[in-house]
Number of protein chains: 2
Amino acid sequence: MREDINITEVARKAGVSIATVSRVFNNNGPVKESTRKKIEQVIKETGYRPNILARELAEKKTHLIGVITHSILGEGLPNSIKGITHVIEEKGYNLLIGNTDGQIEKEQKHFEIFQSKRVEGVLFMTRHFTQEHRDVIEALPFPVVVLLQPTEDEKISYVAFDEYRFAQEATRYLLDKGHEDFVFIGGPETSANSLRREQGFKNALTSAGYSLDKERIIHEDYSIEAGYEATKRLVKEGVPFTAMIIANDGMAIGAINALQDSGYSIPRDVSIIGLDDTALAKASRPSLTAIHYSYQDLGKEGANLLLDKIESGNVDFSYKVLPYELKKRGSTEERY
Amino acid sequence: MREDINITEVARKAGVSIATVSRVFNNNGPVKESTRKKIEQVIKETGYRPNILARELAEKKTHLIGVITHSILGEGLPNSIKGITHVIEEKGYNLLIGNTDGQIEKEQKHFEIFQSKRVEGVLFMTRHFTQEHRDVIEALPFPVVVLLQPTEDEKISYVAFDEYRFAQEATRYLLDKGHEDFVFIGGPETSANSLRREQGFKNALTSAGYSLDKERIIHEDYSIEAGYEATKRLVKEGVPFTAMIIANDGMAIGAINALQDSGYSIPRDVSIIGLDDTALAKASRPSLTAIHYSYQDLGKEGANLLLDKIESGNVDFSYKVLPYELKKRGSTEERY
DNA sequence: CTGTTAGCGCCTTCAA
DNA sequence: TTGAAGGCGCTAACAG
């Protein structure tokens with residue numbers, strides 16, 4: 001470890017003024033070739049790196065993008081972060097991460113820290129978007145783009161998936177195959193994303209003329225184990241069903257395992273669609289029919305939108321809904 | 001969006017000097033209750049947040065920790081980042097992330113950027129640790145802790161798993177169960193981590209008096225598909241084996257599926273151990289016997305070690321090897 | 001208890 | 001082509 005060195009020191013060693021060193025480093029303004037060489041020499045010898053804090057303070061630009069997220073686990077969120085870094089590093093920005101673990105106080109805290117750090121914009125991921133969020137965000141001195149949640153506010157821009165629609169489409173797919181007895185396993189009731197999927201599911205059924213009993217809508221915590229237990233319970237209670245729409249693929253795998261352990265065959269006895277398509281879906285036996293969408297694109301689109309706002313200064317409302325695709329695999333089958 | 005406001009402005013509005021505002025905000029130095037109230041009032045009204053860049057420039061402290069990582073995907077790395085944030089946020093530090101996608105030039109670039117940003121320390125994750133890394137790190141003006149790789153250098157501290165030993169133990173476990181015909185599927189030959197596992201595997205066999213042919217050591221890219229294809233190939237070529245040690249659980253799942261698709265039964269015909277234990281291991285049928293270790297602990301231990309160096313100024317060499325555990329599940333069985 | 005002032009390291013006119 | 005000097009927003013003595 002050697003010591004930090006500053007511009008004054010470099011200037012002294014090179015026998016020039018700090019202004020000249022600055023010109024060399026930033027390659028602006030004219031500098032005689034010989035003095036440039038000399039300065040570059042000193043820079044190399046000392047390992048000098050300009051203190052960006054000082055530069056940023058002077059320039060009033062930090063090139064910092066903040067990401068506030070409720071989790072960095074799972075397959076989705078890391079992918080979205082990868083998409084984000086991909087876009088912003090290309091343009092010379094750096095990423096500051098704030099993890100909230102889903103706690104609202106931490107969201108607030110990170111917005112404050114980021115404001116203090118003078119980030120130039122924030123990408124915000126949360127499990128549900130509330131009026132409180134709107135108030136906080138509108139008072140912030142930098143643009144914010146919300147990811148995953150429609151903001152339902154003509155001021156705050158967002159990028160999200162069309163969960164209502166793809167849940168509807170998955171359900172219709174099985175309706176078209178002749179299924180009539182459905183079960184839906186969603187995430188926690190506090191998850192706005194899961195609720196939108198549930199709505200899409202319900203709408204597909206009711207608009208096809210079916211009604212559904214309460215026991216056919218179940219809320220679990222997205223884990224494989226929860227999917228397993230919930231399905232075991234259904235079997236034990238003798239609820240008749242031939243089709244399952246499951247909010248994520250982890251719970252879907254749990255359901256497949258539970259049914260198989262109970263002596264059922266998939267897809268012969270029950271067809272299953274996961275509204276989420278991670279590595280698990282392809283690895284399972286049978287492989288899982290699932291709705292696929294790209295978290296990496298979510299990150300990319302969000303970052304592009306945010307950078308656009310930052311660089312153009314135009315913070316008008318805009319939003320983007322990302323595409324999805326139904327991947328047909330082994331867990332679904334015609335029903336006669 | 002409202003404008004950024006600075007300390008001078010707040011002081012003016014409150015009719016005091018900036019020093020007093022500073023005292024209030026940092027809660028140091030004495031301030032009369034009435035003027036404190038007044039200043040707090042103005043702060044609330046204006047939404048003032050001190051510009052941390054300026055503060056940090058003055059204090060020469062950034063409270064910034066950099067993480068340089070070759071990937072943020074998969075189950076391991078996000079967990080280690082979670083462990084890191086958990087520790088550092090507790091102590092008031094923030095996390096700056098640099099993603100290298102495994103490219104060496106990007107590693108170098110991020111070290112430079114971080115140096116410019118005046119991070120106070122860096123946690124460095126890479127696929128293999130070289131002499132070049134040592135040279136770069138030793139010239140840096142802040143402490144670095146390497147994660148995942150033993151540095152083999154009495155100067156650069158690290159936290160890692162004991163891959164050699166757990167691969168050895170997994171192999172011995174199956175040897176003890178009577179297996180004699182082994183296959184090892186490792187990661188890419190460029191992966192230092194995978195090579196250490198391979199060495200552990202080989203050592204267990206040779207020190208038990210067995211030799212092994214080349215075709216029994218295979219290198220793939222860690223994906224489920226690669227594990228599947230490699231195993232299919234083995235079956236087709238008629239290589240006889242009853243035990244597999246596989247570097248990660250993704251490839252292990254691929255192997256299980258391939259064997260089952262070829263009409264074999266697990267664990268009756270073949271026993272399989274994955275040297276890695278993610279959600280996949282428990283979800284598979286049969287569930288996968290695997291070596292479990294905690295990436296979250298890796299992050300925590302690394303962060304603790306780094307913060308300790310930063311705060312104590314003591315940058316002496318130290319290292320930590322994390323524990324592991326063999327989780328016995330359904331993919332392994334006695335062989336008579 | 002409060003205000004004044006000298007930095008922190010760099011960029012950017014403005015002169016020379 | 002170069003240097004001098006002011007300013008970015010804040011902290012930390014040092015006076016009062």
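From a predicted model like this one, the values you see are computed outputs, not experimental measurements. By convention in this document, chain letters (A, B, ...) are assigned in the order of the sequence lines, proteins followed by strands, and residues within each chain are numbered from 1. All values below come from the heavy atoms of this structure, side chains included, with hydrogens, waters and symmetry mates left out.
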> Can you tell me if S157(A) uses its side chain to pair, donor with acceptor, with the backbone of S318(A) under 3.5 Å?
Replying inline: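 Looks like yes, one N/O pair under 3.5 Å.
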
>> Between T69(A) and M125(A) (side chain of the first, backbone of the second, donor and acceptor by atom type, cut-off under 3.5 Å), is there such a pair?
In response: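 Checking the backbone N and O of M125(A) against the side chain of T69(A), no donor-acceptor pair under 3.5 Å is found.
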
I need the [atom1]-[atom2] distance between [X] and [N], as an integer number of Å.
X	N	atom1	atom2	answer
K117(B)	dC10(C)	NZ	P	14 Å
I43(A)	dG9(C)	CD1	P	17 Å
K32(A)	dG3(D)	NZ	P	10 Å
R36(B)	dT2(C)	CZ	C1'	13 Å

> Mind checking what makes salt bridge (Lys or Arg N to Asp or Glu O under 4.0 Å) contact with K38(B), not counting sequence neighbours?
Replying inline: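 Counting only residues at least two positions away or on another chain, K38(B) forms no salt bridge (Lys or Arg N to Asp or Glu O under 4.0 Å).
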
> Is the phosphate of dG3(C), meaning OP1 or OP2, less than 4.0 Å from a side-chain N or O of T20(B)?
Replying inline: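 Yes, within the criterion.
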
> With respect to I72(A), which candidate in N79(B), L77(B), I81(B) satisfies the side chain to side chain contact (heavy atoms under 4.5 Å, CB included) definition?
Replying inline: I81(B)

> Does K61(A) pair with E56(A) as a salt bridge, N-O distance under 4.0 Å?
Replying inline: no

> Over its full length, what angle do the end axes of the helix from dC1(C)-dG16(D) to dA16(C)-dT1(D) make, each axis taken from five pairs and the result rounded to 10 degrees?
Replying inline: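 Inter-axis angle at the ends, rounded: 40°.
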
> In terms of ring plane angle, is the pair Y295(B) and F161(B) parallel, tilted or perpendicular, where the classes change at 30° and 60°?
Replying inline: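 Ring orientation of Y295(B) relative to F161(B): perpendicular.
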
>> Once you measure the plane-to-plane angle for F129(A) and H133(A), does it fall in the parallel (<30°), tilted (30-60°) or perpendicular (>60°) bin?
In response: parallel

>> Is it true that R196(A) and Q149(A) share a donor-acceptor pair across their side chains at a distance under 3.5 Å?
In response: yes

> How would nucleotides 9-16 of chain D be written as a contact map, 5' to 3', with B for base contact, S for sugar-phosphate-only contact and - for no contact, using protein heavy atoms under 4.0 Å?
Replying inline: BBBBB---

